[in-house]
Amino acid sequence: MTLCVNCGTICATNAGKTQCDGCQGTVHLSCIGISEKEATMTRSKSKSIKIVCNQCNNNMSCLKDLRTLITSLQHELSSSINQLKTEFQSQLDDINVKLTQSSQQRQSTPVLEEVVQEVLERQKRAKNIVIFNLPEQSNNSSDEIRKENDNLLVKNVLNITNPNIDFENFSVRRMGRFNESRNRPIKVFFKNESDVFSVVRSSKNLKNDLRFKNVNISFDRTPKQLELYNQLKTEMNGRIARGESNLKIRYYNGTPKIIRLN
């Protein structure tokens, strides 16, 4: 005995009935409002069209509502997650900015101190020159004899570069440890910065004197100044190797630059 899942009455053998695609129970065609012909056509034409009893139809409606609710909740959750990500990234960016500012503040003090030290060092060296390739007395000579010889050599050099210099207005000192294989540079200490410029600018006159034709004179530069000069020299040599010509290093306001001679 089979009961209709819609009306609960017995489904007679010859009664129009079909099977619910949901619960697989038997249901009168009259209970769902279709004829046998319509039911047959529905079954044969499309498997996507479902015939369901009232209970399954209600369940499907509830399921549809549940799916709609789940979809809505998913959208809300996704929106909330994106908002949290945006807020988190904003807070993270703020933290990174503050960390960078804090690091820069910590670094600014040592950098400033380094700049001040470099300026003071340049000022201290501004009244000095360095003379290269002046012959040096043997180490067997006394310190006094070597110093007298150095003073005499420097006076001869200065007499060629600037005869008007007061020879009582400077002092000299060899740089570095004594070495039999080479002549140590001599640092000359003036009392006036103007003497430094006049001597360096006139140092080319030494080329006309056989005694000092290999002698060179330069400003007393700091290690950082020498480092910058060496970097420029390396750059200039590289450009020359790549085919450029007539390149020289010239100083402008105390700063070396690579120029092209016409």
Partners meeting side-chain contact (heavy atoms from CB on, under 4.5 Å) with [X] (sequence neighbours left out):
X: L84; value: E87
X: T255; value: none
X: N192; value: N169, S194, D195

With a 4.0 Å cut-off on N to O distance, would you call D150 and K147 a salt bridge?
no
Charged N to carboxylate O below 4.0 Å: is that the case for K224 and E114?
yes
Please list, chain by chain and in numerical order, all residues satisfying ring-ring contact (aromatic ring centres under 6.0 Å, His included) with F219, sequence neighbours excluded.
F197
Which residues share a side chain to side chain donor-acceptor pair (under 3.5 Å) with [X], sequence neighbours left out:
X: K187; answer: D220
X: D93; answer: Q89
X: S198; answer: N162

Considering only residues two or more places apart or on different chains, which pairs with a residue in residues 252-262 satisfy salt bridge (charged side-chain N to carboxylate O under 4.0 Å, His left out)?
E244-R260
Please tabulate, for the side chains in residues 226-234, all donor-acceptor contacts under 3.5 angstrom to protein atoms that are two or more places apart in sequence or on a different chain.
residue: N230; atom: ND2; partner: L226; partner atom: O; Å: 3.2
residue: T234; atom: OG1; partner: N230; partner atom: O; Å: 3.0

Taking transitive links into account, so neighbours of neighbours count too, which hydrophobic residues share a cluster with L77 at under 4.5 Å side-chain distance?
I81
Side-chain hydrophobic cluster, 4.5 Å single linkage: members besides Y252
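Other cluster members: I259, L261.
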Show which side-chain atoms of residues 26-34 pair as donor or acceptor with protein atoms under 3.5 Å away, not counting sequence neighbours.
none

